[in-house]
S.K.: 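Handing you a structure now.
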Amino acid sequence: MIIANSPTILSVQGLRASINGTEILKGIDLTVRSGEIHAIMGLNGSGKSTFAKVLAGHSAYEVTGGSIQFEDKNLLELPPEERARAGLFLAFQYPIEIPGVANTQFLRLAYNTVQTQRGKEELDPLEFDDFVREKMKLLEMKPDFLDRSVNEGFSGGEKKRNEILQMALLEPRLSILDETDSGLDIDALKIVANGVNRITNKDNATILVTHYQRLLDYIVPDFVHVMQAGRIVMTGGKELALELETRGYDWITANKQPVAGVSA
Amino acid sequence: MSEAISTSYLECLLKSWQAKPAESRAWLNQLRAQAIDCVSTQKLPTKRDEEWRFTDISPLTTLPYRPSQPDSALKIEDVQHLFLDDAKNRLVFVDGHFSQSLSAIAEPAALIAGNLSALLSAQASILESHLGQYVPFDHNVFAALNTAFLQDGAVVIVPKNTVIAEPVHLLFIATQHEVTSYPRCLLIGETGSHVTLIEDYAALQQAAYITNSVTEISLAGNAHAKHIRVQRESTKAFHLANCAVALAHASNYQSVSISLGAQISRYNLDVRLTDEAAECTIDGLTLISDRQLADTHTCIDHAKPNGTSHQQHKCIADDAAHAVFNGKIIVRPQAQRTNSSQSSRNLLLSKTAQVDTKPQLEIFADDVKCSHGATVGQLDQEEIFYLRSRGLSETAAHNLLTYAFGAEIISRIPVSSLRQQLEQAVLDQTQSNPS
């Protein structure tokens with residue numbers, strides 16, 4: 001939701017980043033305010049997943065220019081774990097499998113680490129069990145999820161649900177969902193989208209990185225940005241996603257005019 | 001080591017044998033006599049022997065490790081911490097000698113389990129037909145020495161179609177300095193039987209001693225056995241072990257071997273699928289640090305059709321530790337439609353740690369499915385990033401992933417009290433300080 005005068009959560013200015021000497025992000029500007037949902041769309045290789053990883057602090061990318069302000073913090077000065085503790089969350093496109101660690105163990109460890117940082121009480125295994133089971137209902141997850149190893153042998157849909165469960169547990173200020181819709185059938189997509197919709201509120205914000213308009217039928221964005229060659233080349237409202245769905249991306253290059261009446 | 005040292009070392013060991021009383025069983029005396037002959041024709045292996053090229057056992061000869069003597073002073077309070085709550089069938093051996101007072105069998109009606117000498121008359125024919133039949137000693141000086149010194153031993157016979165609910169815990173406790181003990185185990189699973197066997201080597205103090213063990217397992221048709229082997233010896237000790245398993249028609253053998261202790265350890269595991277449709281799952285974890293050396297040599301021999309084997313071996317080596325894994329898989333010409341997989345994954349936690357891994361596939365049948373893979377490396381950076389992005393510090397992420405690497409194997413142990421003990425051991429050894 002767009003709320004007048006709501007506080008800025010994220011302010012990205014002129015962000016440039018490269019990997020192994022190749023520049024991928026070539027000057028990104030983006031402002032996200034509390035309550036808003038932003039979609040970043042674009043073809044493969046446009047840099048949208050790189051942007052998500054740079055926001056989360058992936059060490060493979062070198063930031064070569066620009067700034068990222070996250071609430072009152074200079075994000076670029078923080079290692080990934082401190083970004084997470086400060087309230088930034090990245091739902092991975094390819095969640096990592098950790099055989100040998102029970103999901104519940106991992107979830108509790110992450111939860112308690114972030115809670116401690118926020119000056120709140122840790123939960124013991126029993127308390128956490130009640131808490132996580134409640135959150136799991138949001139995503140229609142079976143209880144045996146907790147006892148299985150983290151993401152090991154999970155289907156694509158189960159992995160993505162597990163990501164959103166972590167989002168629900170960690171209660172971030174800003175969530176970045178990297179291709180959360182990829183590999184999901186329509187039923188799983190609806191469950192995941194429904195979970196996200198119940199987590200988003202006026203006090204947090206969400207960036208959806210996606211290829212397809214499909215996800216945006218279920219999680220309705222306030223802004224749609226189109227990335228091309230490492231830049232945001234167009235910004236519009238939710239109707240821009242529909243236009244991209246019918247017209248593809250080619251017309252944008254020829255006509256880089258933003259849709260009238262909306263600005264980033 | 002020079003030949004002279006090796007020879008005199010073996011002579012010295014054999015001399016200590018002469019004092020042993022002769023057994024009344026002719027076949028057993030004969031078995032020992034053959035073993036003694038074999039010892040005298042062999043030498044201690046050196047790094048020039050292909051099978052020992054990574055493992056130098058010459059430190060063994062620097063101390064006069066005399067045969068251990070029975071010590072009856074040990075009280076139950078001294079060793080109780082090594083017992084397992086959920087393994088009520090327990091045979092305890094102290095420095096290789098059977099302890100009646102520390103042992104207990106919860107299912108005496110269903111299970112035949114006890115010390116070799118006590119079962120010799122009641123089980124004469126079955127013992128004669130199995131003991132010493134699976135671990136050959138003509139090319140294995142340690143197996144020959146064990147057999148030459150054969151006295152006490154754990155015998156477990158699971159009668160036909162019997163399911164033993166409680167695991168059988170064979171606990172070998174080292175208490176003395178500078179001695180050699182010769183543990184011996186024999187498991188016979190008769191047709192259609194089910195059992196879980198825990199073979200556990202532990203020490204009461206950080207002593208230098210030698211454990212030279214031999215384990216033989218024979219599973220008849222449709223018999224199932226789970227074999228958990230835990231080597232948590234003193235880190236000054238030497239542990240030399242041979243285990244051989246013979247699998248009959250449609251039998252199923254699952255083993256998890258954990259190596260944590262010993263200065264130098266060597267575990268040879270030979271599994272032979274002697275008849276059709278036998279299955280085995282062989283999992284192993286080596287977790288070592290400082291200057292420990294742990295060598296695991298396995299051989300899975302598919303002799304008949306439709307057999308299945310799955311093997312996963314993992315090593316975690318820290319400091320200047322050295323882990324060795326040699327995994328041989330033989331698929332003989334007759335063994336068509338064999339399904340076999342092997343994975344060797346190794347984690348080096350320091351720049352001076354070393355792992356040698358060698359998968360060795362010898363496939364002579366054409367209609368088979370065989371896969372294998374080996375990796376050696378550090379922790380994956382993507383995995384570390386994933387955990388850090390959830391708020392874990394770099395050290396915490398590192399520790400959790402190292403723990404998980406080992407815990408994946410531990411989690412396959414079907415005895416929860418033992419699993420918890422080992423999870424704690426892995427946790428203790430994988431939780432480094434910030435580096």
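Sequence lines set the chain letters: A, B, ... in the order given, protein chains first and strands last, and positions in each chain run from 1.
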S.K.: After noting the C-alpha distance and the side-chain angles of B:Val168 and B:Leu170, does the key distance pass the side chain to side chain contact (heavy atoms under 4.5 Å, CB included) rule?
M.R.: CA-CA 6 Å; B:Val168 182; B:Leu170 310 181; 4.0 Å; yes

S.K.: Can you name the closest pair of heavy atoms from A:Ala188 and A:Leu184 and give their distance?
M.R.: CB-CD2, 4.1 Å

S.K.: Of all the residues in residues 103-126 of chain A, which have a heavy atom that comes within less than 4.5 Å of a heavy atom in chain B?
M.R.: A:Gln105, A:Phe106, A:Leu109, A:Ala110, A:Thr113, A:Val114

S.K.: Is there a donor-acceptor contact under 3.5 Å from the side chain of A:Asp178 to the main chain of A:Ala91?
M.R.: no

S.K.: Could you have a look at B:Glu394, B:Glu382, B:Glu423, B:Arg412 and say which one has the most heavy-atom pairs with chain A under 4.5 angstrom?
M.R.: B:Glu382

S.K.: Hey, can you tell me if A:Phe128 and A:Phe131 have their rings parallel, tilted or perpendicular (30° and 60° cut-offs)?
M.R.: tilted

S.K.: Is it true that a side-chain atom of A:His58 and a backbone atom of A:Ala60 form a donor plus acceptor pair closer than 3.5 Å?
M.R.: yes

S.K.: Using residues 167-174 of chain A as the side-chain source, report each donor-acceptor pair under 3.5 Å to any protein atom, sequence neighbours left out, with the distance given to one decimal.
M.R.:
unit_1   : atom_1 : unit_2   : atom_2 : d
A:Arg173 : NE     : A:Glu71  : OE2    : 2.7
A:Arg173 : NH1    : A:Asp203 : O      : 2.2
A:Arg173 : NH2    : A:Glu71  : OE2    : 2.6

S.K.: Of all heavy-atom pairs between B:His239 and B:Ala262, which one has the smallest distance, and what is that distance?
M.R.: CB-CB, 4.0 Å

S.K.: Where do A:Val196 and A:Thr180 land on the side chain to side chain contact (heavy atoms under 4.5 Å, CB included) test, with the steps shown first?
M.R.: CA-CA 11 Å; A:Val196 172; A:Thr180 293; 5.8 Å; no

S.K.: Quick one: of B:Ala397, B:Ala404, B:Ala396, who has the most non-hydrogen atom pairs under 4.5 Å with chain A?
M.R.: B:Ala404

S.K.: Just give me the residue among B:Asp380, B:Ile410, B:Leu387 that pairs up with chain A most often, heavy atom to heavy atom, under 4.5 Å.
M.R.: B:Leu387

S.K.: What's the shortest heavy-atom distance between B:Leu84 and B:Gln421, and which atoms?
M.R.: CD2-NE2, 3.5 Å

S.K.: Which residues from residues 83-90 of chain A are near chain B, with near meaning under 4.5 Å between non-hydrogen atoms?
M.R.: A:Ala84, A:Arg85, A:Phe89, A:Leu90

S.K.: If you take all heavy atoms of A:Ser175 and A:Leu177, which pair is closest and at what distance?
M.R.: CB-CD1, 3.8 Å

S.K.: Write out, in numerical order, the residues from residues 136-166 of chain A with a heavy atom short of 4.5 Å from a heavy atom in chain B.
M.R.: A:Asn151, A:Glu152, A:Glu163, A:Gln166

S.K.: Would you please classify the geometry between the B:Phe54 ring and the B:His322 ring as parallel, tilted or perpendicular, with 30° and 60° separating the classes?
M.R.: perpendicular

S.K.: If you take all heavy atoms of B:Leu379 and B:Leu401, which pair is closest and at what distance?
M.R.: CD2-CB, 3.8 Å

S.K.: If every non-hydrogen atom of A:Val209 is compared with every non-hydrogen atom of A:Ser49, which pair is closest and at what distance?
M.R.: CG1-N, 4.3 Å

S.K.: Give a yes or no on this: more than 12 heavy atoms of other residues, nucleotides or ligands lie within 6.0 Å of atom NZ of A:Lys135.
M.R.: yes

S.K.: Would you say the side-chain atoms of A:Asp130 pair up with the backbone N or O of A:Arg133, donor to acceptor, closer than 3.5 Å?
M.R.: no

S.K.: Please look at B:Ser393 and chain A and tell me whether the side chain, the backbone, both or neither of the residue comes under 4.5 angstrom of a heavy atom of that chain.
M.R.: both

